[in-house]
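Values below: every heavy atom of this structure, side chains too, minus hydrogens, waters and symmetry copies. Computed from a predicted structure; not experimentally measured.
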Amino acid sequence: MNTLVDIAKFIVNEILSVPAYLIGIITAVGLIALKKSAGQVIGGAIKATLGFLLIGAGATLVTNSLAPLGTMITGATGSHGVIPTNEAIVGIAQAEYGSRVAWLMILGFLVSLLLARFTPLSYVFLTGHHMLFMATLLTMVMATAGVTSWVVVVAGAVLLGIMLVAMPAFAHPWTKRVTGNNTVAVGHFGTAGYIVSGATGQAVGKKSRSTEEMNLPEGLRFLRDSMVATALSMLLIYMIMAIVFLAKVGRTEAFKAFATGGGSPSTGVGNYLMSSVNQGLQFGIAVAVILFGVRTILGELVPAFQGIAQKVVPGAIPALDAPIVFPYAQNAVLVGFICSFVGGLVSLGLLVGVFKPAFGTALVLPGLVPHFFTGGAAGVFGNATGGRRGAALGSFLNGVLITFLPAFLLGVLGSFGSANTTFGDADFGWLGLILGNVAKAGDVAGVILMLVVGLLILAAAITWQKRVVDTGWDPGAKRAALLPPEDRPEQHDEAAGGETPVSRTYAKIQPPAGAPTPPPPPED
């Protein structure tokens, strides 16, 4: 009897409680369900396990590279400064909440399939890394509030499942205006920024021409490489803060910054500055390691999820990553990135001059990666409904959102609020703020209120789907009617089954490396 108990304890404590092993097992189960060969099942399970271990290794590198920067920001500004990076905060959180995150993510995906099957929200969310990010956010918010582990998994799975089907629905009228058909949805938790940008375009665009009639420099294309963009942004931030910190506190104190975490103090100004360069590049490497780990997991896990989803939800609309819209307006992507980054800088100025003195908020430094991907997508949405003005102002407001929301989100993340990084996209911010505040009502009341919030989101999404999406509302129709026929973006005639284009299309580009591509329209 004792042997059986020991075996059970071993399985639970040493295997099922280790996130990497759990993900490997789930991947194997999914591949077996798809009738893959034994070699594919074993190889897929091992790759998924190694991917999760890579996330942990990258998280250690992130923590080490951010420690000196945190010292510099605090010393130079008197404030806690953070760089929102989803991969970084998720990697750090895995050390404490890994098993809960894994279970929550898996159960949440199953809940989303049930909702897609039995509600009008027929979207299958296939952006696996954002599933992981949202699962981590929900776990962190509830665990910080003191909710029991199994309740975190169950209640969190319900909330995750709701978000996976609700957010693509809310964005879908604008997505159809971008793509011209109903074959694909956006599955990315920057949705609030995309909706704001699309709505802004409707308000300010009118006769504004498309960004695709502009000539933008090819020299900015290198920023589409996420590793390059991350390393460059951190290098610049590190150098600026190092110089400010040196000027404010002097050499003796400044040189100690790199002794944080067991390192050695700088030996001179040149060594100090080059150490800053090195740490910025190290951050780029760390995020690349985490990204590689995430992609390794998802390369095996998502096909299994997708195969299961096709059987459970026939005819569902796939909800894919934000770069799915990049091919529809290449100039809008760059306009959106630039204007979103400017919005981040302006918001940082407001945090320094207004909100920090009034509320004690942290300083959120703009990073190139979140501003490129969410700002670029926001630019495409804004352009679709409001041309150049819509792309510029809509993505600017996206930059404001992804600066202020992370700043206030830190207040509900407990000890993780001092981790020098946080979640960077809009939906993590507003949902985390709402759930974190209602969680303060206590264990039982807090969980009940969080579930009520989830049900309200679900009810709103179903109502929106029935009354807005399914009725064919086109958010860009008024602007299109004001433009000359030759300047109108392509939009398919819903009455003709979505196959009859009523005007020309913009020039397309290839999406960034690794980005998903739209599926072809269904054949007659």
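The CG atom of Leu413 sits 6.5 Å away from atom CD1 of Ile89, with the distance rounded to the nearest 0.5 Å. Atom CE of Met450 is separated from atom CG of Leu431 by 10.5 Å, given to the nearest 0.5 angstrom. In this structure, CG on Leu435 lies 12.0 Å from OG1 on Thr144, to the nearest 0.5 angstrom. Put simply, CE on Met134 and CG on Asp425 are 9.0 Å apart, with the number rounded to the nearest 0.5 Å. With values rounded to the nearest 0.5 angstrom, Ile457 atom CD1 is found 7.5 Å from Leu159 atom CG. In this structure, the separation between OG1 on Thr136 and CZ on Phe428 is 8.5 Å, given to the nearest 0.5 Å.
The backbone N or O of Ala392 sits less than 3.5 Å from a side-chain atom of Ser395, completing a donor-acceptor pair. Counting only distance, with no hydrogens or angles, the side chain of Asn86 and the backbone of Gly424 share a donor-acceptor pair below 3.5 Å. Side-chain atoms of Trp430 never come within 3.5 Å of backbone atoms of Ala192 as a donor-acceptor pair (strictly under, hydrogens ignored).
Residues Phe170 and Val469 have side chains not in contact (no heavy-atom distance under 4.5 Å, counting atoms from C-beta outward). Counting only heavy atoms from C-beta outward, the side chains of Leu115 and Ile162 approach each other to under 4.5 Å. At least one side-chain heavy atom of Leu401 sits less than 4.5 Å from a side-chain heavy atom of Leu405.
Between Leu121 and Ala169, the shortest heavy-atom contact is CD2-CB, 3.7 Å. Residue Met140 comes nearest to Ala93 through the heavy atom pair SD-CB, 3.7 Å, listed as atom of the first residue, atom of the second, then distance. Summarising the geometry of Thr422 relative to Pro406, their closest heavy-atom pair is CG2-CB, 3.8 Å, with the distance given to 0.1 Å. Across every non-hydrogen atom of Ala185 and Thr175, the tightest pair is CA-CG2, 4.2 Å. The shortest heavy-atom contact between His371 and Ser340 is ND1-OG, 2.8 Å. Among all heavy-atom pairs drawn from Phe381 and Ala171, the shortest one is CE2-O, 4.3 Å.
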Side-chain atoms of residues 346-355: list all donor-acceptor pairs with protein atoms under 3.5 Å, sequence neighbours left out, distances to 0.1 Å.
from   : atom 1 : to     : atom 2 : distance (Å)
Ser347 : OG     : Gly343 : O      : 2.8

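Not counting sequence neighbours, the partners of Met239 by the side chain to side chain contact (heavy atoms under 4.5 Å, CB included) test are Leu235, Leu273, Ser276, Val277. Qualifying side chain to side chain contact (heavy atoms under 4.5 Å, CB included) partners for Ala116, counting only residues two or more places apart in sequence or in other chains: Val165, Val313. Take Leu164 and apply the side chain to side chain contact (heavy atoms under 4.5 Å, CB included) test, not counting sequence neighbours, and it matches Ser112, Phe125, Met131, Leu160, Phe189. Scored by the side chain to side chain contact (heavy atoms under 4.5 Å, CB included) test, Leu397 finds Val196, Thr200 as partners (sequence neighbours excluded).
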Please report the C-alpha distance between Thr374 and Ile402 in whole Å, then the side-chain angles of each, then the deciding distance to 0.1 Å, and finally whether the side chain to side chain contact (heavy atoms under 4.5 Å, CB included) criterion is met. CA-CA 9 Å; Thr374 68; Ile402 65 173; 3.6 Å; yes

Could you go through the ring pair (Phe, Tyr, Trp, His ring centres under 6.0 Å) check for His188 and Phe133 one step at a time? CA-CA 10 Å; His188 187 274; Phe133 299 162; 8.8 Å; no

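Of the listed residues (Thr385, Asn383, Asp474), just one forms a side chain to side chain donor-acceptor pair (under 3.5 Å) with Arg177, and that residue is Asp474.
Ser197 and Asn398 form no side-chain donor-acceptor contact under 3.5 Å, judged by distance and modelled atom types alone. Checked by atom type, the side-chain pair Asp427/Thr191 shows a donor-acceptor distance below 3.5 Å. Checking Tyr238 against Gln282 by side-chain atom types alone, no donor-acceptor pair falls below 3.5 Å.
Relative ring orientation between Phe341 and Phe337 is described as tilted, the plane-to-plane angle lying within the 30° to 60° band.
Listed by first then second residue, pairs satisfying side chain to side chain donor-acceptor pair (under 3.5 Å) with a partner in residues 161-174 read His172-Asn182, Trp174-Gln202, not counting sequence neighbours.
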